[in-house]
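Structure, as structure tokens:
The figures here come from the full heavy-atom set of this structure, side chains too, leaving out hydrogens, waters and symmetry mates. For the single chain, residues carry numbers from 1 onward in sequence order.
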Amino acid sequence: MRIGLVVDHPKRDLPGAVMLGYQLARRGVSVVLVPMYEQAVDVPRLGLDALVVNYARPVNLDLMRSFARAGLALYVLDTEGGVLAQKGGNSPPAMAAHIKDSGYADILTGYFFWGSRLHEAFLRAGTMKPEQLHLTGCPRFDFAAPRWRPLLDGEPRGYLLVNANFPLVNSRFTGKQGGEREAMVRAGWDGGYVDRFIADLKQVFANYLAEIDRLAAARPDRSILVRPHPFESEDVYRNALSRHANVLVDGSGSVLDRIRNAAAVIHLNCGTAVESVLLGKLPLQLEYLNTPTTASHAALPARVSRPVASFDELLGAIDNIERETEAFDFARVHAADIEAFFHLNDGQAAERVADVLTPALNARRPYVSLLATMKGTRDKPSIGQIIKGAASAALGSAVTERLRSQFNPARRDKRIAPSIVQPLLQRIAAHDQASPSQYTARRAHCAMTGLPLASIAIEHAPLEP
């Protein structure tokens, strides 16, 4: 049995994919981590029985239909399934309606949910059969649970972590702002609302930068780590804060590592407030910078944070951070506001997903089609997709992905290397008191040609008696 896991953004999603890969491998399943940009050319060559995709949106519906027609069992484990809006395109009722009405419900074998709120919305809408809907939690948050927390990097260092969340108005990719607006409209948001939201967000972003500048000047003895969203330009932050010796702008590494090492987390409407609570770090929400529109767009981060009503109040909270942290009721906040969207903080989400996948696929025929790769797994491929598919079929996607990434930073950021996967995989195994040498991560190869692919295969070799 072989299962593919589509990985969207490695910085955010790779650790959880490796955790799920480990749990599947220890159950005897062969696993392949598939870079999102390469799924159309890699999936047909991997001999998969099932594919777990990173979302079910209009942009990838035709591709998913092609996979389903080929006999693949398709599951969704959404990369952004927790911080949901109360209304609009990514509210629970709208997401349930989208899956039901778009045709996804007809091609999906199962759907994994981060929390009960979205799971219940799907059940109420009759989106899919109840036995196809699985409340598991998201594996990437397993590392925040006490069971796996020792795998996070280093010891607390006491800096103030400033997390940012403004990719809509500070995209690192040239020209993406307009594309993001259209993507929101396609996902079900009203165009007028999106325009108002973006206009407010631009002003909020400017004010957010100004407040971090004020904070760095007011507390020069405090180390401040500014972490832009993975899809944001870091240059804007560096230019705005370059005069401060106590500020470091660095978006590298895992956000869980950075939160664990922080004294507190400063943010505005950022989903990492949830991770902060999971890790027992105080999230400080700069509520006084919000507008009614930005505040209502995603209310969960504010609800799970200690609200700050002014700059002076921010300074007071920072100056008394230990007392503020002790007074914050982390357990109550999790029970009242987080569990419904993120499920249990028990480190067992990957196990629950693996328990669903493992027994479900024994009768499947592995999917292999070099012709599908040549067509980019599409019925009516564009000229560009045909060229990409043909090049990948001839050279192997490991080669073509590397060549394209030299010219496109977005693709460079989404590459997956065995040298990154293998150490984490073996650390997970060792921490789980398994033999690390039994678990390997290496470049996957085409089942028909043997050419190296961009995807990474995870294997478990039991020790010989």
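- The shortest non-hydrogen separation linking S397 to D42 is OG-OD1, 2.5 Å.
- Applying the ring-ring contact (aromatic ring centres under 6.0 Å, His included) rule to pairs touching residues 254-286 yields nothing, sequence neighbours excluded.
- Ionic pairing of R2 and E459 is present here: one or more N-O contacts between side-chain nitrogen and carboxylate oxygen are shorter than 4.0 angstrom.
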Check against side-chain contact (heavy atoms from CB on, under 4.5 Å), L160 and S223:
CA-CA 6 Å; L160 298 173; S223 295; over 6 Å; no

Check against side chain to side chain donor-acceptor pair (under 3.5 Å), Q406 and R402: CA-CA 7 Å; Q406 293 179 7; R402 186 170 64 251; over 6 Å; no

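- Rounded to the nearest 0.5 angstrom, S116 OG and H343 NE2 are separated by 8.0 Å.
- Between V204 and L268, the closest side-chain pair of non-hydrogen atoms falls below 4.5 Å.
- A donor-acceptor pair under 3.5 Å is formed between the side chain of K281 and the backbone N or O of A262.
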| task | Start with the C-alpha distance between Y22 and I458, add both sets of side-chain angles, then the distance that settles side-chain contact (heavy atoms from CB on, under 4.5 Å), and finish with yes or no. | result | CA-CA 8 Å; Y22 165 74; I458 292 177; over 6 Å; no

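- D78 places no side-chain N or O within donor-acceptor distance of the main-chain N or O of A56, the cut-off being under 3.5 Å.
- Within a 6.0 Å radius of CD in E131, other residues, nucleotides and ligands contribute more than 12 heavy atoms.
- Counting heavy atoms from C-beta outward, D13 and R140 have side chains that approach closer than 4.5 Å.
- When W114, F341, F113 are each tested for a ring-ring contact (aromatic ring centres under 6.0 Å, His included) with H119, only one passes: F113.
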Notebook entry, point to check: Please walk me through it: do E401 and K414 pass salt bridge (charged side-chain N to carboxylate O under 4.0 Å, His left out)?
Noted result: CA-CA 10 Å; E401 180 198 48; K414 297 200 174 188; over 6 Å; no

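- Classified by interplanar angle (parallel below 30°, tilted 30° to 60°, perpendicular above 60°), the ring pair Y75/F112 is parallel.
- Annotation: the span from I266 atom CD1 to R306 atom CZ amounts to 11.5 Å, rounded to 0.5 Å.
- For the pair V53/L51, a side-chain contact is recorded, criterion being any heavy-atom separation below 4.5 Å from C-beta on.
- For the atom pair CD1 (I321) and CD (E326), the distance works out to 11.0 Å, reported to the nearest 0.5 Å.
- A ring-centre distance under 6.0 Å is not found for F166 and H229.
- One distance of note links CZ of F67 with CG of L63; it measures 4.0 Å at 0.5 Å rounding.
- D213 has a carboxylate O that lies under 4.0 Å from a charged side-chain N of R243, or vice versa, which qualifies the two as a salt bridge.
- In this structure, N239 contributes its side chain and V236 its backbone to no donor-acceptor pair below 3.5 Å.
- For the pair R214 and F311, the distance from NZ or CZ to the six-membered ring centre is under 6.0 Å and the angle to the ring normal is within 45 degrees.
- Side-chain atoms of V308 and Q285, non-hydrogen and from C-beta on, never get closer than 4.5 Å to each other.
- L46 has its side chain within reach of V34: a pair of non-hydrogen atoms, C-beta onward, lies under 4.5 Å apart.
- Checking side-chain atoms of S305 against main-chain N and O of P307 turns up no donor-acceptor pair under 3.5 Å.
- Panel note: side chain K100, backbone M95; no donor-acceptor pair is recorded below 3.5 Å.
- The aromatic rings of F122 and Y111 lie tilted to each other, with the angle between the two planes from 30° to 60°.
- Using a 4.0 Å cut-off between charged nitrogen and carboxylate oxygen, R227 and D250 do not count as a salt-bridge pair.
- Two residues are said to be in side-chain contact when any heavy atoms from C-beta on lie closer than 4.5 Å; L300 and L84 fail this criterion.
- Using a 4.0 Å cut-off between charged nitrogen and carboxylate oxygen, E38 and R404 count as a salt-bridge pair.
- N54 contributes atom CG, which lies 8.0 Å from atom CZ of R12 (distance to the nearest 0.5 angstrom).
- Looking only at atom types and distance, the side chain of E211 has a donor-acceptor partner in the side chain of Y288 under 3.5 Å away.
- Note on E339 versus R117: no salt bridge recorded, every NZ/NE/NH1/NH2 to OD/OE distance being 4.0 Å or above.
- A 4.5 Å side-chain heavy-atom check between D221 and N246 finds every atom pair outside the cut-off.
- We find that D432 and R147 are joined by a salt bridge, their nearest charged nitrogen and carboxylate oxygen being less than 4.0 Å apart.
- Ring planes of F141 and F342: perpendicular class, angle over 60° (limits at 30 and 60°).
- A donor and an acceptor atom, one from each side chain of D8 and Y55, are nowhere located under 3.5 Å apart.
- The minimum heavy-atom distance linking R443 with I456 is given by the pair NH1-CD1, 3.6 Å.
- Proximity of a side-chain donor or acceptor of D200 to a complementary backbone N or O of T294 within less than 3.5 Å is not detected.
- The closest side-chain heavy-atom distance from F231 to N170 is not below 4.5 Å.
- To the nearest 0.5 Å, atoms NE2 (H334) and CG (L344) are separated by 7.0 Å.
- Relative ring orientation between F330 and F328 is described as perpendicular, the plane-to-plane angle rising above 60° on a 0-90° scale split at 30° and 60°.
- Judged by the 6.0 Å and 45° rule, R157 forms no cation-pi pair with Y159.
- A salt bridge links D319 to R219: at least one charged side-chain nitrogen sits closer than 4.0 Å to a carboxylate oxygen.
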